[in-house]
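Only a predicted model underlies this, so the values are computations on that prediction, with no experimental measurement involved.
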Amino acid sequence: MTTEHGDLRVGLMPYLNSEVFYYDFESAGMELVPMVPSEMGQAADRGELDAGPIPLVDCFRLEDRFEYANGFCIATVERAWSILLYCRRPIGELSGASIAVTGETSTSAQLLRVLLTHRFEVRPREYVTLEQPHDAYLLIGDNALRRKGGDPSYPFLYDLGQVWYDWTGLPFVFARWIVRKTVASDIWRRLRDQLETSIQAGLANVEAIADKRHADLGLSRQEVMEYVRSFRYVAGEEETEAMGRFRHLLEALPQTSAVTANTER
């Protein structure tokens with residue numbers, strides 16, 4: 001683990017929605033470590049990461065050891081596009097259902113709980129892994145993009161970012177960049193400057209990102225460009241309000257509705 005000396009261990013989110021953070025990333029003095037969201041939150045908790053776009057729910061519990069890196073974030077406005085719930089029946093009828101949750105998620109799983117409890121007032125019977133029988137399932141990131149056209153066996157498809165926006169009128173913040181408090185100030189400033197440079201370069205060269213990624217995701221170049229441009233990478237007043245609203249709703253969840261231990265991440 002880095003403190004005041006040595007290479008900075010930085011989490012690399014391996015999703016299309018994070019490409020701009022690393023587009024022009026000079027890694028001198030920084031070690032990029034690829035991890036999905038759930039792994040990144042756990043690694044930060046264990047002291048194995050010094051910085052990264054950490055899932056929002058993990059940011060809340062790491063506030064004693066990390067500080068926020070300005071407003072750098074992964075936030076959706078009206079739709080998430082890649083946080084998708086596939087259901088055999090309408091979302092408002094999921095009481096008693098088994099819901100499978102991808103093991104990659106931290107924040108999206110908790111957003112699902114918040115929406116089911118507070119918006120739709122339904123209580124699933126259980127949350128399970130994707131390998132277990134289920135009535136609905138949640139995918140995130142690139143895997144969700146690859147299945148954005150839906151699943152014939154699960155005819156009801158919900159974009160959780162859009163469900164949140166339709167309910168609250170607010171964007172949703174899925175992750176924030178945080179830095180361990182023991183990181184030296186000059187290293188922290190270098191990371192901040194690097195992120196600013198990379199985001200600007202990535203958004204200015206979104207066509208190159210589309211050329212590189214569209215075939216693997218089964219998307220057109222235009223779809224990739226629209227997707228990348230749909231995110232906000234720096235939080236403003238709306239995102240701050242949204243994070244406060246989500247945190248309040250999360251804390252108000254009944255403990256009995258918690259996602260099971262093997263799927264809560």
Side-chain angles (χ1 to χ4, degrees), residues 1-76 80 82-83 102-111 140-145 172-203 209 212-213 228 231-235 239 243 264-265:
M1 182 190 76
T2 294
T3 53
E4 295 185 0
H5 305 283
D7 287 348
L8 191 74
R9 289 175 58 84
V10 179
L12 190 159
M13 191 78 74
Y15 294 157
L16 178 60
N17 63 15
S18 301
E19 285 271 344
V20 299
F21 292 132
Y22 312 102
Y23 184 80
D24 190 27
F25 203 96
E26 296 294 338
S27 60
M30 303 182 199
E31 178 186 357
L32 293 177
V33 186
M35 293 182 176
V36 298
S38 58
E39 294 172 344
M40 201 173 293
Q42 295 172 47
D45 195 16
R46 293 192 300 264
E48 298 169 2
L49 280 183
D50 303 303
I54 306 297
L56 185 62
V57 295
D58 294 311
C59 290
F60 294 155
R61 63 185 179 82
L62 293 169
E63 287 175 336
D64 61 327
R65 286 163 282 168
F66 286 78
E67 59 184 321
Y68 292 105
N70 292 10
F72 298 121
C73 69
I74 300 173
T76 59
S82 57
I83 311 295
T102 171
E104 298 179 6
T105 175
S106 286
T107 299
S108 301
Q110 306 311 320
L111 173 59
I140 70 168
D142 291 0
N143 285 333
L145 286 176
F172 192 83
V173 179
F174 286 93
R176 291 193 69 178
W177 275 81
I178 58 176
V179 180
R180 191 173 297 278
K181 291 181 178 180
T182 53
V183 169
S185 59
D186 61 322
I187 298 176
W188 153 221
R189 285 193 298 270
R190 189 167 76 242
L191 175 63
R192 178 200 62 197
D193 293 345
Q194 183 60 65
L195 287 171
E196 290 177 352
T197 298
S198 293
I199 292 170
Q200 292 174 6
L203 292 176
I209 294 175
K212 181 177 70 171
R213 295 300 312 279
V228 173
F231 287 87
R232 289 178 182 168
Y233 295 102
V234 180
E239 287 74 29
M243 286 185 283
E264 65 181 351
R265 295 291 182 185

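Shortest non-hydrogen contact noted between C59 and I54 is SG-O, 3.3 Å. Across all non-hydrogen atoms, the minimal contact from Y233 to I199 is CB-CD1, 4.1 Å. Nearest approach of Q42 to R61, heavy atoms of both residues: N-NH2, 4.3 Å. The two residues C73 and A235 have their closest heavy-atom pair at SG-N, 3.5 Å. Residue N70 comes nearest to W188 through the heavy atom pair OD1-CZ2, 3.6 Å, listed as atom of the first residue, atom of the second, then distance. Closest non-hydrogen pair, L49 versus R180, comes out as O-NH2, 2.7 Å.
A heavy-atom distance below 4.5 Å is not found between the side chains of F174 and L56. Using a 4.5 Å cut-off on side-chain heavy atoms (C-beta onward), R192 and W177 make no contact. Here the side chains of L62 and D45 are in contact, with some heavy-atom distance below 4.5 Å. L203 is not listed as a side-chain neighbour of F231, based on a closest heavy-atom distance of 4.5 Å or more. Side-chain contact between P37 and T107 is absent, with no heavy atoms from C-beta onward closer than 4.5 Å. M40 has its side chain within reach of P53: a pair of non-hydrogen atoms, C-beta onward, lies under 4.5 Å apart. Within the 4.5 Å cutoff, the side chain of L16 has heavy atoms near those of the I209 side chain. L191 places a side-chain heavy atom less than 4.5 Å from the side chain of L8.
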Stepwise side-chain contact (heavy atoms from CB on, under 4.5 Å) check, E31 with V33: CA-CA 6 Å; E31 178 186 357; V33 186; 4.2 Å; yes
Stepwise side-chain hydrogen bond (donor to acceptor under 3.5 Å, both in side chains) check, E104 with Y15: CA-CA 11 Å; E104 298 179 6; Y15 294 157; 2.4 Å; yes
Trace of the side-chain contact (heavy atoms from CB on, under 4.5 Å) decision for Y22 with M13: CA-CA 9 Å; Y22 312 102; M13 191 78 74; 4.2 Å; yes
Chi angles and distances behind the side-chain hydrogen bond (donor to acceptor under 3.5 Å, both in side chains) call for T197, D24: CA-CA 7 Å; T197 298; D24 190 27; over 6 Å; no
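Of the residues listed (N17, I83, V36), the one engaging I140 in a side chain to side chain contact (heavy atoms under 4.5 Å, CB included) is I83, and it is the only one.
No salt bridge links R9 with D50; every basic N to acidic carboxylate O contact stays at or beyond 4.0 Å. Salt bridge annotation for R213-D142: present, with a cationic side-chain nitrogen under 4.0 angstrom from a carboxylate oxygen.
E196 CD to F72 CZ: the interatomic distance, rounded to the nearest 0.5 Å, is 4.5 Å. In this structure, the separation between CG on D58 and CZ on R176 is 14.0 Å, given to the nearest 0.5 Å. To the nearest 0.5 Å, atom CZ of residue R65 and atom CD1 of residue I178 are 9.0 Å apart.
Side-chain atoms of S82 never come within 3.5 Å of backbone atoms of A144 as a donor-acceptor pair (strictly under, hydrogens ignored).
Residues passing the side-chain contact (heavy atoms from CB on, under 4.5 Å) test with E63, sequence neighbours excluded: F60, Y68, R247. Residues satisfying the side-chain hydrogen bond (donor to acceptor under 3.5 Å, both in side chains) criterion with K212, sequence neighbours excluded, are E19. Residues satisfying the side-chain hydrogen bond (donor to acceptor under 3.5 Å, both in side chains) test with S198, not counting sequence neighbours, are Q194.
A centroid separation of 6.0 Å or more is found between the aromatic rings of F21 and Y23.
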